[in-house]
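The shown structure was predicted, so the numbers you read here are calculated from the model rather than taken from an experiment.
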Amino acid sequence: MPPQIVDAPRMRRSVAEGNRGTQPALPPPDCGAMLAAMTDTPSVKRLAAAASAWRSAPDDAAARTRLAVLLWRRPDLADASHLPAIAAMIRDPQIDPAQFERAGWVALGPTPPDPADPQTAALWLERHDLAIALIEETQVADGVAEHLLSAVRRWLLLERKTGAFPRLAAALLRQAAINGGAWPFDAEERAALAAAPDFLAAYLPEPPGTMEGEFAAPVTRAVAAQYGRWPYPVWQRANAVTMRSLGDSLRACGPDAPILPDRPNILVAGCGTGREALSIARMAPDATVTAIELSETSLAVARERCAGQANLRLLRHDLHAVAELGQRFDYIACSGVLHHLPDPEAGWAALVDVLASGGAMQVAMYSRIARLQVAAARMRLGMLTQEPVSDDVIREARRKLIAAPLPSVTDSRDFFSTAGVHDLLFHVHEDCFDIPRIERATDALGLKLLRFQLPTPEDAKQYRELAPHDPLHRDFAAWHTYEMRHPSTFAGMYRMTLARAS
Ligand SMILES: C[S@@+](CC[C@H](N)C(=O)[O-])C[C@H]1O[C@@H](n2cnc3c(N)ncnc32)[C@H](O)[C@@H]1O
């Protein structure tokens, strides 16, 4: 009986979601949620309409993007009817393949073989174009798929069968390069690797050549070194067409939201490997976007992935010294960075200093309350958290957590790469926020909250019930009450749009 790769709605929130966009998480089968999805007619209808639009116009970039985005948001709704669309889009240079990380495996669901029979599984995978493409094009972020593929990788190695399965062996090499060699393996496999030099990189891919320089502040130096060895985030391509413009998203913040000039000057502070910067540059094609980053290794990845985006400039620069760029910015994005600074409020102030009057700012930072789930995962890892971080330590941490899953962590997309696990569980420096601290900081910085983003429509509905007086989500006290009642809401991050108070 072939196993189901995924067979239930997968919408539980995971710790890393917010930082990486909105990938839903992967809880184990849950009948209540399944029932909810079956009756979740708006999503089902939206997906059906997008699939039908794609069938009528498969070359229409907007139709392709819409279907891909919907499959990303609700991979649990994918089924065999979506396979032709996924097969057509998975290698499409204009489409982000990560949108199929889960939907692809879900759609393949009823047919993949049993990891306990790795030979049959290998035969099946070797012949399956879509399965090969899913392994090659994007990080595998599905625990069941990882389990199957790890079993097959082990069999190929120990039985010396890589030559007989060339497509699969090559795809596994590529997958390890993407995920940094995140999948755990045992001593028998490690010993066998000595005799399999051509397959070694399917287990132990080459780490990036680190190129970090010196920074004066010890925290800044340590943060640059971490991202130099484990550049973040892990991604391959961004959608060429965006679902909405930057101007549209600002207009959604309310009637008093700033209106961007025709050719806005935009800053992305702490751009990492460039995914956020590229998507902003595409959402605002008439803008000039400057993205700054500490880590030269991360920037090298960003330069490669963002090549050809003429309105985006990538610079090595410490955000504390952003004023040295000698510019004012109409829009500043800073996501997942402030909590890694030695003094987050000081870094935030440096950004506010270069915000044009009438400009807007989007920031995202860790919630101290939601991060308690990460603390629980770290407790589970015990002494491992005291060791110097290495890929072996990360694989061992993953092995422990796979054996005793903590869904908020083990279902998150970050759990499936070494760089993601480092960022999620082993960061060298975190100084998390809570809502009162954000309120104090915005007051001190002369900022007003334009919109506080709730992660899901369900959260927004619950917030409306709690705070009907606050349709734009601007009431810090209500937002704080909401988080106290729903402590994992900001498991990704707090995310908000702000403007100068006057
Ligand atoms: C968690 S990553 C977020 C990357 C990106 N903003 C995103 O959301 O995809 C944090 C990034 O901030 C960068 N960073 C940290 N401190 C910085 C500083 N003082 N100046 C510039 N970049 C910094 C790190 O090197 C790292 O690449």
Side-chain angles (χ1 to χ4, degrees), residues 6 8-30 33 75-76 98 101-102 105 139-147 150 179-184 226 230 232-235 335-336 339-340 364-387 389-433 455-456 459 483 486-495:
V6 175
R10 303 189 146 184
M11 295 303 291
R12 192 173 299 163
R13 187 171 291 119
S14 56
V15 169
E17 251 170 60
N19 200 17
R20 343 280 155 236
T22 50
Q23 288 95 330
L26 290 169
D30 166 347
D76 53 294
E101 267 173 9
R102 285 175 176 169
W105 293 103
Q139 170 189 280
V140 171
D142 180 300
V144 182
E146 178 181 330
H147 180 53
S150 299
N179 69 34
W183 300 347
Q226 169 179 329
W230 288 275
Y232 183 92
V234 172
W235 66 294
S335 174
H339 47 248
H340 295 318
M365 66 277 265
Y366 282 157
S367 150
R368 184 176 55 76
I369 291 156
R371 292 290 289 177
L372 292 174
Q373 297 169 70
V374 170
R378 285 174 58 84
M379 295 267 285
R380 226 168 251 195
L381 299 180
M383 293 307 289
L384 205 56
T385 57
Q386 305 307 311
E387 291 186 24
V389 188
S390 66
D391 284 347
D392 278 335
V393 165
I394 290 173
R395 278 186 286 271
E396 178 59 11
R398 292 193 78 247
R399 193 189 61 71
K400 283 183 177 230
L401 290 170
I402 289 168
L406 199 64
S408 57
V409 169
T410 47
D411 292 345
S412 81
R413 183 173 185 267
D414 275 347
F415 185 66
F416 293 86
S417 68
T418 52
V421 170
H422 199 310
D423 195 72
L424 182 63
L425 293 173
F426 291 99
H427 207 287
V428 294
H429 179 77
E430 276 178 26
D431 182 357
C432 298
F433 281 77
T456 68
D459 290 308
E483 185 176 29
H486 307 276
S488 66
T489 304
F490 305 108
M493 284 186 285
Y494 298 125
R495 228 168 244 287

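No donor-acceptor pair closer than 3.5 Å links the side chain of H339 to the backbone N or O of M365.
Here the shortest heavy-atom pairing between V144 and D142 reads N-OD1, 2.9 Å. For the pair A491 and Q373, the tightest heavy-atom approach, listed with the atom from each and the gap, is CB-NE2, 4.0 Å. Between R395 and A182 the shortest heavy-atom distance is CG-O, 3.6 Å. The two residues S417 and G420 make their nearest non-hydrogen contact at OG-N, 2.9 Å. Closest of all the heavy-atom pairs between C432 and Y366 is SG-CB, 3.7 Å. Considering every non-hydrogen atom in both A141 and F416, the closest pair reads CA-CG, 3.5 Å.
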Query - Test side chain to side chain contact (heavy atoms under 4.5 Å, CB included) applied to V234 and N179, step by step - result: CA-CA 8 Å; V234 172; N179 69 34; over 6 Å; no

* Apply the test side chain to side chain contact (heavy atoms under 4.5 Å, CB included) to residues L384 and E396: give CA-CA distance (whole Å), side-chain angles for both, the deciding distance (0.1 Å), then the verdict. => CA-CA 8 Å; L384 205 56; E396 178 59 11; 3.7 Å; yes

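Residues W183 and R398 are in side-chain contact: their nearest non-hydrogen atoms beyond the backbone lie under 4.5 Å apart. Looking only at side-chain heavy atoms (C-beta outward), K400 and R380 stay at 4.5 Å or farther from each other. At least one side-chain heavy atom of L381 sits less than 4.5 Å from a side-chain heavy atom of L401. Here the side chains of F433 and S367 are not in contact, with every heavy-atom distance at 4.5 Å or above. A heavy-atom distance below 4.5 Å is not found between the side chains of V374 and E430.
Expressed to the nearest 0.5 Å, how far OG of S488 lies from CG of L372 amounts to 11.0 Å. Separation of atoms CZ (R371) and CG (L424) is listed at 6.0 Å; rounding is to 0.5 Å. Between the OG1 atom of T410 and the CZ atom of F415 there is a distance of 6.0 Å, given to the nearest 0.5 Å. Distance OG1/T418 to CZ/F426: 11.5 Å, rounded to 0.5 Å. Note: S390 OG to D392 CG = 5.0 Å, rounded to the nearest 0.5 Å. Taking CD from Q226 and CG from D423, the interatomic distance works out to 6.0 Å, rounded to the nearest 0.5 Å.
In this view, H486 and Y482 satisfy the ring pair (Phe, Tyr, Trp, His ring centres under 6.0 Å) rule, not counting sequence neighbours.
The number of heavy-atom neighbours closer than 6.0 Å to NE2 of H427, taken from other residues, nucleotides and ligands shown, is above 12.
Ring geometry for H422 versus W230: interplanar angle of 30 to 60°, hence tilted.
Salt-bridge check for E483 with R368: failed, with every basic side-chain N at 4.0 Å or more from each acidic carboxylate O.
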